[in-house]
Amino acid sequence: MTMTKEEILKAHHFRHATKEFDPSKTISDDDFEFILETGRLSPSSFSSEPWRFVVVQNEELRNKIKNISYGAASKLPEASHFVIILSRTAMDMRYDSAYQKEQQSKAVPKERLTRHLEIYEEFQRNDFKLLDHERFLIDWGIKQTYIPLANMMTAAAQIGIDSCPIEGFDIEKMNTLLNEEGLLEDGHFTISVMIAFGYRKKDPGPRIRLPFEDVVKWVK
Ligand SMILES: Cc1cc2nc3c(=O)[nH]c(=O)nc-3n(C[C@H](O)[C@H](O)[C@H](O)COP(=O)(O)O)c2cc1C
């Protein structure tokens, strides 16, 4: 399977953080499932797959989110589709949690599982020091969720669909709301980041990027 470099770069130039969506345009079910599928297929460290994609099409909940998210305010309610990416909390991210053991047992053969879990513990405890603070484990899970975030935005752009990633909210307030809505499964999930999808209302402004030489360093 190959795509031309020109086509791929075109999609990356097309993608921009869309500030306003055209309310008259709706993404088809088929296109939106395709976008979600690229999120699902994303890689994660130790196959932890800590994400859940909550597609919020309910107007009442969209309004509640809008009220506590300055970053989403101009995109809601006009975005065609709105996704909250949840991430598993420390209780599911620890190497010895039931969830991680289950994930590891799918990823490695049975005879290697015990050794693999020791390596996993070593990684979390010593290499990345994730067990020093609950927040480190949570943030490690959240880090993984930015991979599907990027993949879904790129995939959308490749089929001509716009998006905007959203971190403009208070985590505590958002978690309180999502918990009240029964979406955090008794503390197993936390908000990570959100994405609005749809079609742009107007063309974006100029692209702001550091020069290539400033972001790429070769060591030969
Ligand atoms: C993780 C993340 C969170 C962001 N949060 C917001 C947000 O809450 N609201 C917003 O309008 N833009 C948000 N942005 C968009 C960025 O400001 C934008 O991507 C950046 O300025 C580069 O512009 P471009 O994406 O149009 O190239 C976010 C981007 C990322 C990657």
Side-chain angles (χ1 to χ4, degrees), residues 5-23 25 27 35-36 38-40 42-45 48-56 61-89 135-136 138-178 183 189-216:
K5 292 192 282 284
E6 287 76 17
E7 278 173 333
I8 295 167
L9 272 182
K10 206 172 144 194
H12 282 271
H13 281 290
F14 172 86
R15 191 218 55 78
H16 70 288
T18 305
K19 302 297 172 189
E20 282 178 276
F21 292 91
D22 182 342
K25 292 187 183 156
I27 301 169
I35 292 169
L36 291 170
T38 68
R40 188 184 74 88
S42 299
S44 55
S45 185
S48 52
E49 294 181 85
W51 44 73
R52 178 150 302 168
F53 312 131
V54 180
V55 187
V56 183
L61 181 54
R62 279 189 175 210
N63 273 329
K64 287 182 189 169
I65 293 167
K66 190 179 148 196
N67 290 340
I68 56 168
S69 172
Y70 55 91
S74 70
K75 292 98 199 168
L76 286 167
E78 297 184 336
S80 165
H81 287 68
F82 193 80
V83 177
I84 300 174
I85 301 186
L86 301 179
S87 184
R88 289 190 181 262
T89 54
R135 181 72 196 247
F136 298 164
I138 294 173
D139 284 346
W140 181 61
I142 286 177
K143 254 197 221 180
Q144 313 306 318
T145 67
Y146 279 60
I147 301 171
L149 169 77
N151 284 343
M152 289 194 280
M153 291 192 299
T154 304
Q158 284 171 325
I159 57 167
I161 291 173
D162 290 306
S163 62
C164 185
I166 294 158
E167 268 184 347
F169 54 83
D170 177 316
I171 292 177
E172 230 172 274
K173 281 186 192 153
M174 195 60 78
N175 272 341
T176 301
L177 170 64
L178 298 177
L183 294 168
F189 285 92
T190 174
I191 178 81
S192 169
V193 63
M194 310 192 289
I195 328 175
F197 291 98
Y199 295 91
R200 67 191 71 184
K201 212 177 211 171
K202 53 180 186 231
D203 286 337
R207 180 76 98 196
I208 302 163
R209 285 298 185 273
L210 291 166
F212 194 85
E213 315 76 69
D214 286 5
V215 294
V216 180

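Both counts, for ligands and for their atoms, begin at 1 and track the order of listing.
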Colleague: Take Y199 and I161 through the test side-chain contact (heavy atoms from CB on, under 4.5 Å) and record every step on the way to the result.
Modeller: CA-CA 6 Å; Y199 295 91; I161 291 173; 3.6 Å; yes

Colleague: So, using ring-ring contact (aromatic ring centres under 6.0 Å, His included) as the criterion, who are the partners of F21 when residues are at least two apart?
Modeller: none

Colleague: Quick one: closest heavy-atom pair of K19 and K75, and the distance?
Modeller: O-CE, 3.7 Å

Colleague: Are the side chain of R207 and the backbone of H13 linked by a donor-acceptor contact shorter than 3.5 Å?
Modeller: yes

Colleague: Hey, what polar pairs (N/O, under 3.5 Å) does ligand 1 make with protein?
Modeller:
residue, atom, partner, partner atom, Å
ligand 1, 5 (N), P165, O, 3.2
ligand 1, 5 (N), E167, N, 2.9
ligand 1, 8 (O), E167, N, 3.2
ligand 1, 8 (O), G168, N, 2.9
ligand 1, 9 (N), G71, O, 3.3
ligand 1, 11 (O), K19, NZ, 2.8
ligand 1, 11 (O), K75, NZ, 2.6
ligand 1, 12 (N), K19, NZ, 3.2
ligand 1, 14 (N), P165, O, 3.4
ligand 1, 25 (O), R15, NH1, 3.1
ligand 1, 25 (O), R15, NH2, 3.0
ligand 1, 25 (O), A17, N, 3.2
ligand 1, 26 (O), A17, N, 2.8
ligand 1, 27 (O), R15, NH2, 3.3
ligand 1, 27 (O), R207, NH1, 2.6
ligand 1, 27 (O), R209, NH1, 3.3
ligand 1, 27 (O), R209, NH2, 2.9

Colleague: Nearest 0.5 Å please: distance from the CZ atom of R52 over to the CD1 atom of I84.
Modeller: 13.0 Å

Colleague: Identify the residue among I166, I191, L177, D170 that makes a side chain to side chain contact (heavy atoms under 4.5 Å, CB included) with S69.
Modeller: I166

